[in-house]
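Reckoned from all heavy atoms, side chains included, excluding hydrogens, waters and symmetry mates. Sequence positions, counted from 1, serve as the residue numbers for this chain.
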Amino acid sequence: MEDMKRPFIFAVNGERFELQSIDDPSKTLLEFLRSETPYKGPKLGCGEGGCGACVVLLARYDPATDQVEEHTVSSCLTLLCSINLCSVTTSEGLGNSKDGFHSIHQRFAGFHASQCGFCTPGMCMSLFSALTNADKSKKSYAPAGFSKLTVSEVEKAIVGNLCRCTGYRPIIEASKSFAADVDMEDLGFNSFCRKGENGITSIKKLPVYNPTSVCTFPEFLKDEVRSNLDLSSKCSDDVVAPQLEATFKTHLPCSHDNCWYLPTSIKELYSLLSLEEANGSRVRLVVGNTGAGVYKNYDQYDKYIDVRNIPELLEIKRDDTKIEIGAAVTISRTIEALKEGKRSLVYSKIGEHMSKVASHFIRNMASLGGNLILAQRNHFASDIATILLGAGTYVCVTDGLQMQWLSLEDFLEMPPIDSHTLLVKVSIPSWEPNVNGLVDAISERRLLYETYRAAPRPLGNAVAYINAAFLVEVCTDKKKKGVVLDNLRLAFGAYGTEHAIRATKVENFLVGKSLTPSVLLEAIRILRATVVPEEGTPHSDYKSSVAVAFLFNFLLPLTIDMEEAIVAGNGLLKGGDNGYNKGLGDKVFKTKQLEQFDHLERSDSLLSAKQVVEFNGDHRPVGEPVKKVGAELQASGEAVFVDDIPSPKDCLYGAFIYSTKPFAHVKGIHLKSTIGSQKFIRLISFKDIPKGGENIGANFLSSEPLFAEDNTEYAGQPLALVIAESQRVANMAANQVVIDYNTENMEPPIFTVEDAVRRSSYFQIPSFFSPEPVGDFSKGMEEADHKILSAEITLGSQYYFYMETQTALAVPDEDNCMVVYSSNQNSEIIHYVIARCLGIPANNVRVITRRVGGSFGGKGIKAVVVATACALAAHKLRCPVRMYLDRKTDMIMVGGRHPMKVTYSVGFKSDGKITALHVDILINAGINEDISPLLPKAIIGTLKKYNWGSLSFDVRICKTNLTSKSAMRAPGDVQGTYIAEAVIEHVASTLSVDTDLVRKKNLHTHESLQLFYKDSSGEPHEYTLPAILEKLANTSSFNHRFEMIKQFNMHNKWRKRGISSVPIVYEVSLRPTPGRVGILNDGSVVVEVGGIEIGQGLWTKVKQMTAFGLGKLWSDGSVDLIERVRVVQSDTLSLIQGGYTAGSTTSEASCEAVRLACNILFERLAPIKEKLQEQMGEVSWDALILQASLQSVNLSASTYWVPDSSSRSYLNYGAATSEVEVDLLTGAIKIMRTDLIYDCGKSLNPAVDLGQIEGGFVQGIGFFMLEECLTNSDGLVVSDSTWTYKIPTVDTIPKQFNVEILNSGHHEKRVLSSKASGEPPLLLAVSVHSATREAIRDARRELATHGGDFKVSPTVFQLPVPATMPVIKELCGLNNIESYLESLIALDQAQVMPIS
């Protein structure tokens, strides 16, 4: 046989990579790119394909057609071996600082669409792929400088990419600027063009888009593909079994015994499986490897078999009755195939639904068969299995000997199949000739097919709570003027069962019947007994209820005597708008009933936005909307984060072993004997702490241990560190650990605040952190006309979900020193904790932080343990050690926002004026204090935003056996504002008045503001909240929309809207901050500050302030120094006392420190400039610095700014009006519109502040509406992945998002009259929660008329946080459909009952 041994060849950004062998076929493309190439643009955000940070463009060349096919893939799941003869393009390959940035990079920067920048390269690649494929399509011609992509397609192009910073709006605007149908006037705030400019002028200012500027598949690789094809054609297809191993190894050369095989027939595949089984090998069959994102590979396989070269698995065949699709065909290609050829209703619906499965970069990899295999073998909650089951799909399977066709239903019910059963293809019937609702002339039979999904995200990238697919053929019953059901298929899945099922009892009941309300009700009752989630399924009652809603939605238009109900329904589920596919809007035939729905059809509304920003020109360039420093570098992937730093020689990697038990004695730790565990080097534990060192992993208000010693105290506590030669192997080994626990004689753990109260488990609140009450509560209650006593509300936790997980690199240095590169918010704490842990002087430790990929408080105290563990391991092993936490470990170990239980009593007058409020607050702090003692003051601070008359409270911090909670953006403040709104809304409900009236009644005057906030209240003219609310009422058209919503709710039974306008008062404090400014001999300026760039634009504002401070040397402003200034990384030995980057004020404090340093330099340089001016006339900056250097003037100045008591604290004001639409059948909400006004004083940079406002608001939406933190019975976090934890995405933000930055003028005690913007706007997202409550209130009021059972008043209820779909649905009535039908039947019976 001819020797086929050829190297493994591919391209990255046009560069040739040729590997003679691959050491490990389980290595991912992402791991290769980041460890063996200079390209760091693709980031590891989750390792699950769920965030988009790792997205790259993968191109393949077909020599037969001479065409290149390009699509995005998730490189964290793509196996390196699968890209032989492919070309990879990363964001650096589009453009870079050396060759020039791509217009995508430039527009992302100019539209202020990058904050921390960690997600930006992936965003850019998703957009680039969409542009590229649109421009290659047969669409109509696009104007020069634009893509053929449409605005609506733009939003879907980035729907799978997560961003925690920006709020998505600027990303969408930057992307829309490429669309052929964009209206330039609608584009958001950017640095290229100004509002009011005509379209032609605006277009000319945009960076030019050239669709042919990037070569995605180099010519040399095309030659390799052709050469490889020629060689393959010379080889025989018949290969006997003994030759197989050699043959397949030559396809992809592997070192050691790990191999990647590429069989070209089913026969070869089974010969290979038999051979490897005889050898005792662990074998994995792969196509796209996306299943590894759901079911993690915690150990390695011996052999990998890529089945993508087997023709039978790739074929697509169609005829008039069916389409057959090979099992290895990707989901994206399946969607295309379903759209091709003769149109079929079933194919169209399936394709539409599939486009909402996962994200585009996963659909491009995942195979149709692989999805069904996961559903069958692993009980994966598959949408695809359900919709195909509903369509009557068949599958072809083989055992290597014979092919067998099975119904999908039979296939799913088989015992879990093993690797010897191969899914070959899928056959989907077209259900011709009854296509598109056309009437069969003979039988008058018609076809209906519809699919549904209820999921947290409308456009996909979220597993459904429940899904369904219904198909029915109906024939006309002329006597009853209705239709009779026939050939009914009702499929349900993902509701907490092993696999999708058919509701056969419901089918049998309905077949042959004409639908009436009574028949429909009975069918629903049978369905209730059929769709029963397994015990322990979260939200089981909700899922059963939504199953009923789906069936109701499907059958209602066919039901006799329901004309009025259909009109009242006015849309029902309303299609995919709220996270499920279109329902009644997609009609397939016309009846008298259905014609009334014609006007309801509409597509998903596109995002629109308006930004009102007033520039401040008093201190140029301060006050100007300068784009973020390094934004282009972030977009191109060149910006260096900690994990982008090249690994030093002999570097090792660590992964935490953590406890899975809350309170237990650890008897021992050992690793299973597996392939992965055999590669680990050693464990590091508390026993490795050097003599003189301490077991300390954090130190803020109190110390926390680095590792547990004898006993664990909570699930998620670090026990040890696995050390290995790569991060992947370390992670794998950590998951092979077996921990031997003993809980004998241990007290039961404390998980809830109620348990803590019973056992008096509290942390003390130092007196100087305790807030002060206001007035006399008892007297206030005596004055009240009405009282609410002991009402309870609960608030859940929230995980940070920064895109860059916790990471550090520790490098031993000479003389027992340690250099640590850490992603953190407080290098100073890390510095001293490491010194204490290692038992060395503090000046032996150096902590360096350049930038952080998102933080939100989670990289303050929580980053310390990671950096310290790396330092300990590096100290022990005398070599560099680095660690990058996988997403699951990060989510389990770092805690998050504090959950709370609040009980309140309030007294109020009949006109809504509140006279007294008392709150009892129980804070679940977890096992350690962390920053918890700071929370009471923050909670009460924002609670004071209303004039309660008198305010008293009892706040307790509960110690529990859970991961300690820490600071998260607006810690305590966001809970306080929610409590305030809950009280206001409860009062309004009790009095049956509009909530807005009660809010206005209890707003502060400046006098009451002084009473509640004392010195922080400021001068009367600084109290801008009343003016903000008045302006917001006008700009948002609140009163008009309020009345319109009343009308909407009267005419819509199953959709209700609510609107709410909410104010905030937010107190911030400034802290001492260092700064240093140095001027180099060439006139360039270097700046150091204590604050760390975490995406908040600190460097940008500091750069502006430096340019202003030094530019004052020229009073006419003729010298612009901003491009001469560079802000450098934080270094704890270079600039000490850096402090904590937190609390929204670090940017302004750093700016003030820098301004003072510039003043020192000003004083030194001004006399020299004056003398030079006398001698030379005009003086340039360069000449001035040269002369100063010659005169040995000190060109470096350092300051340590300490705010005085009069300027240390101040209040921030803002307000937001939000309107939502709630679907009463599923609990889904759509945020229709948000109008927001925020007072930034005189903004230091309105572009940066706008980003902080929008990003904070959207993060607040996550807290109030979406993000659900769940734990198991041991307190271990189980919301531990992108699969189980859902942050906001581009499809969950307000459809219309209008933001105004108020320039409130001069504030004498502020830094150049500026005010903070980082955290306060997050609180305004409570307006979405409050609007949802208003919609639910209307729904419950109407439900009461149908016999809804309410323990108290239907309008008095509490809406927990987060208000997820199940929570909303439960409040709207889990049985609301049954109640409605029963009321209709009762009404009908009453009308026909004879009068006695």
Side-chain angles (χ1 to χ4, degrees), residues 43-46 53 115-119 163-165 639-645 656 697-700 704 706 716 718 798-810 820-834 847-871 882-887 889-897 928 930-931 934 963-971 1090-1099 1129-1132 1138-1144 1146-1147 1252 1255-1256 1259 1287 1318-1319:
K43 311 292 185 189
L44 179 58
C46 67
Q115 290 187 21
C116 85
F118 198 83
C119 72
C163 174
R164 195 56 150 167
C165 297
V640 178
F641 295 86
V642 171
D643 198 51
D644 297 331
I645 300 170
F656 279 114
N699 184 41
F700 186 62
E704 301 175 20
L706 177 60
Q798 183 181 23
Y799 167 63
Y800 304 99
F801 215 105
Y802 28 61
M803 295 303 296
E804 172 202 44
T805 60
Q806 302 281 357
T807 181
L809 164 63
V820 179
Y821 300 88
S822 167
S823 178
N824 74 87
Q825 292 175 254
N826 194 330
S827 298
E828 188 177 4
I829 289 180
I830 292 176
H831 185 120
Y832 288 106
V833 168
I834 289 174
V847 180
I848 297 172
T849 304
R850 180 175 295 181
R851 60 172 58 82
V852 176
S855 183
F856 319 114
K859 291 180 181 171
I861 308 303
K862 298 299 183 178
V864 182
V865 65
V866 178
T868 306
C870 282
R882 73 187 317 163
M883 180 161 44
Y884 187 80
L885 265 57
D886 64 82
R887 182 62 67 178
T889 302
D890 196 284
M891 296 185 80
I892 286 173
M893 286 183 56
V894 301
R897 200 180 291 282
N928 295 305
D930 203 280
I931 61 95
L934 303 181
T963 305
S964 60
K965 302 302 181 273
S966 192
M968 182 172 181
R969 200 174 192 171
I1092 294 171
E1093 177 59 58
I1094 57 177
Q1096 83 282 46
L1098 182 147
W1099 280 6
Q1129 62 195 17
S1130 165
D1131 184 331
T1132 55
Y1140 207 146
T1141 300
S1144 301
T1146 309
S1147 291
Q1252 290 292 288
Q1259 194 171 90
I1287 69 170
E1319 293 172 294

Who pairs with F641 by ring pair (Phe, Tyr, Trp, His ring centres under 6.0 Å), at least two apart in sequence or on another chain?
F118
What residues form a ring pair (Phe, Tyr, Trp, His ring centres under 6.0 Å) with Y800, not counting sequence neighbours?
Y802
Residues passing the side-chain contact (heavy atoms from CB on, under 4.5 Å) test with A867, sequence neighbours excluded, are A808, V820, S822, I830, I834
Taking side-chain contact (heavy atoms from CB on, under 4.5 Å) as the test, write out the residues that go with L934, two or more places apart.
F700, F769, I931
With sequence neighbours excluded, what pairs up with N699 under the side chain to side chain donor-acceptor pair (under 3.5 Å) test?
S703
Could you walk me through whether T1146 and Y1140 satisfy the side-chain contact (heavy atoms from CB on, under 4.5 Å) test, starting with their C-alpha distance in whole Å, then the side-chain angles of each, then the deciding distance to 0.1 Å, before giving a yes or no?
CA-CA 8 Å; T1146 309; Y1140 207 146; over 6 Å; no
How would you list, by chain and number, every residue that makes a side-chain contact (heavy atoms from CB on, under 4.5 Å) with D930, sequence neighbours excluded?
E704, I861, K862, S964, S966
Using salt bridge (Lys or Arg N to Asp or Glu O under 4.0 Å) as the criterion, list what pairs up with D644, not counting sequence neighbours.
R34, K43
What residues, two or more places apart in sequence or in another chain, satisfy side chain to side chain donor-acceptor pair (under 3.5 Å) together with R882?
S647
Residues passing the side chain to side chain donor-acceptor pair (under 3.5 Å) test with T963, sequence neighbours excluded, are none
Sequence neighbours excluded, the answer for salt bridge (Lys or Arg N to Asp or Glu O under 4.0 Å) partners of E1319 is none
Side chain to side chain donor-acceptor pair (under 3.5 Å) partners of Q798, counting only residues at least two apart
R897, E1267
Take atom OH in Y821; do more than 12 heavy atoms of anything else shown fall under 6.0 Å from it?
no
In short, Q1129 meets R850 closest at the heavy-atom pair OE1-NE, 3.4 Å
Checking I645 against V640 for the side-chain contact (heavy atoms from CB on, under 4.5 Å) test, could you report, in this order, the C-alpha distance in whole Å, the side-chain angles of both residues, the deciding distance, and whether it holds?
CA-CA 7 Å; I645 300 170; V640 178; 4.0 Å; yes
With sequence neighbours excluded, what pairs up with Y884 under the ring pair (Phe, Tyr, Trp, His ring centres under 6.0 Å) test?
none
